[in-house]
Amino acid sequence: MTQLTIAMPKGRIFEEAYEMLLEAGFNLPEEVEMSRKLMIEIPEENISFILAKPMDVPVYVEHGVADIGIAGKDVLLEQRRTVHELLDLKISECYIASAGLPNTTINEIAPRIATKYPNIAMKYYKGIGEQVEIIELNGSIELAPMIGLADRIVDIVSTGRTLKENGLVEYEHIAEVSSRLIANPVSYRMKSDRIQDLVTRLKKCVK
Ligand code: PRP
């Protein structure tokens, strides 16, 4: 059986993604003990998992050190890497929106937008003819309007709790997000049988 290396997102998406692989009938340990191990070998299936930061999954796949990966559409839209998007797994569904303090209009010449998605934000505001200044942050984006660093944020909304608890409201709905199965283009050709089998099996588990 051809060896397959799969880059998995560490953290909250991991469990849902792993659950799907179990459902698809892969002979994997029921519980992966979330130790600090960053590589897990499954000799029974000839699969290796690389546990990566979600933002790094497409990097491993583009460089071919992972054949396959599970990546959020947010990351794919932001990075535009050379990978094939094979399947929408419809897990970890959320969306990208702009938000800010209630009842505020952005009428400055170049409103400041805080985000960890500078490309998505730039493209969105360009599309609506708005010239903005992007302030790139790595997390806790919701802080920015509260402390006067930015007029708006562009970020992921899942349950909406973070916005609510920080007194922010949503303004514009920018894009739908869910996890996608991606492949390295060379692996996709060279290991097509194995990858096609994975896609077919996972497709049956998409809800
Ligand atoms: C994400 C996102 C929001 C939050 C949205 O942050 O950036 O802050 O989740 O989820 P909610 O709508 O269910 O509240 P994450 O927890 O990934 O951490 P971060 O602040 O480091 O980006």
Side-chain angles (χ1 to χ4, degrees), residues 6-20 32 34-38 49-61 66 69-81 83 85 88-104 106 111-128 130 132-182 206-207:
I6 306 180
M8 296 283 276
K10 273 204 293 191
R12 64 170 104 170
I13 317 165
F14 178 85
E15 269 175 46
E16 264 186 290
Y18 193 78
E19 192 61 42
M20 249 188 125
V32 185
M34 270 315 189
S35 60
R36 305 233 164 196
K37 264 183 130 167
L38 298 174
F49 289 111
I50 296 176
L51 302 188
K53 279 269 186 198
M55 283 275 193
D56 292 338
V57 166
V59 181
Y60 292 96
V61 175
I70 292 179
K73 186 66 182 175
D74 54 334
V75 177
L76 298 172
L77 286 172
E78 178 61 26
Q79 300 183 357
R80 306 190 144 271
R81 299 211 172 256
V83 296
E85 198 180 304
D88 182 354
L89 299 172
K90 305 225 167 105
I91 54 172
S92 308
E93 288 180 307
C94 53
Y95 58 94
I96 299 173
S98 73
L101 294 170
N103 309 312
T104 50
I106 46 170
R112 292 155 304 151
I113 314 292
T115 185
K116 57 182 169 201
Y117 302 105
N119 294 324
I120 293 174
M122 192 52 98
K123 191 169 170 219
Y124 174 74
Y125 285 103
K126 208 171 165 194
I128 59 167
E130 188 93 51
V132 298
E133 181 195 338
I134 302 286
I135 300 176
E136 193 173 347
L137 295 175
N138 290 302
S140 303
I141 315 295
E142 291 80 2
L143 269 175
M146 300 164 64
I147 57 174
L149 176 65
D151 304 290
R152 290 279 187 272
I153 61 168
V154 166
D155 200 14
I156 289 287
V157 181
S158 175
T159 61
R161 242 186 99 184
T162 312
L163 289 182
K164 200 160 172 233
E165 290 189 10
N166 291 290
L168 302 181
V169 294
E170 211 177 295
Y171 283 99
E172 297 137 311
H173 190 104
I174 298 179
E176 294 297 329
V177 172
S178 57
S179 294
R180 311 293 160 104
L181 188 74
I182 58 170
V206 174
K207 304 222 164 76

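Side chains are part of it too, since the values below use all heavy atoms of this structure and drop only hydrogens, waters and symmetry mates. For ligands, and for the atoms within them, numbers begin at 1 and follow the listed sequence.
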Next item on the list: Would you mind checking if E85 and R180 are paired as a salt bridge, meaning a charged N to carboxylate O distance below 4.0 Å?
Entry: yes
| request: Could you check if a side-chain atom of I50 sits within less than 4.5 angstrom of a side-chain atom of M8, using non-hydrogen atoms only? | output: no
When distances are taken from atom 21 (O) of ligand 1, the protein heavy atom at minimum range is G139 CA, 3.6 Å
for atom 5 (C) of ligand 1, nearest protein heavy atom and its distance come out as I156 O, 3.5 Å
closest protein heavy atom to atom 13 (O) of ligand 1 is T159 OG1, 2.5 Å
Ranked by distance from atom 14 (O) of ligand 1, the top protein heavy atom is T162 OG1, 2.4 Å
Closest to atom 15 (P) of ligand 1 among protein heavy atoms sits R12 NH2, 3.3 Å
So, does Q79 use its side chain to make a donor-acceptor pair with the main chain of M55 at under 3.5 Å? yes
Checking heavy atoms under 4.0 Å, the part of D155 that sits near ligand 1 is side chain
Strictly under 4.0 Å, does any heavy atom of I141 approach an atom of ligand 1? no
for atom 8 (O) of ligand 1, nearest protein heavy atom and its distance come out as E142 OE2, 2.7 Å
The closest protein heavy-atom partner of atom 22 (O) of ligand 1 is K116 NZ, 2.2 Å
Query - Backbone of V154 reached by a side-chain donor or acceptor of T115 within 3.5 Å - result: yes
In this structure, atom 20 (O) of ligand 1 is nearest to the protein heavy atom S140 N, 2.8 Å
### Query
Heavy-atom distance under 4.5 Å between the side chains of Y95 and I156, does that happen here?
no
Quick one: does K10's side chain get under 4.5 Å of L38's, heavy atoms only? yes
Lys/Arg N to Asp/Glu carboxylate O, E172 vs R152, below 4.0 Å: no
- Query: Passes side chain to side chain donor-acceptor pair (under 3.5 Å), E78 versus N119? Steps please.
  - Reply: CA-CA 6 Å; E78 178 61 26; N119 294 324; 3.1 Å; yes
In ligand 1, the atoms that come under 4.0 Å of a heavy atom of G160 are 11 (P), 12 (O), 13 (O)
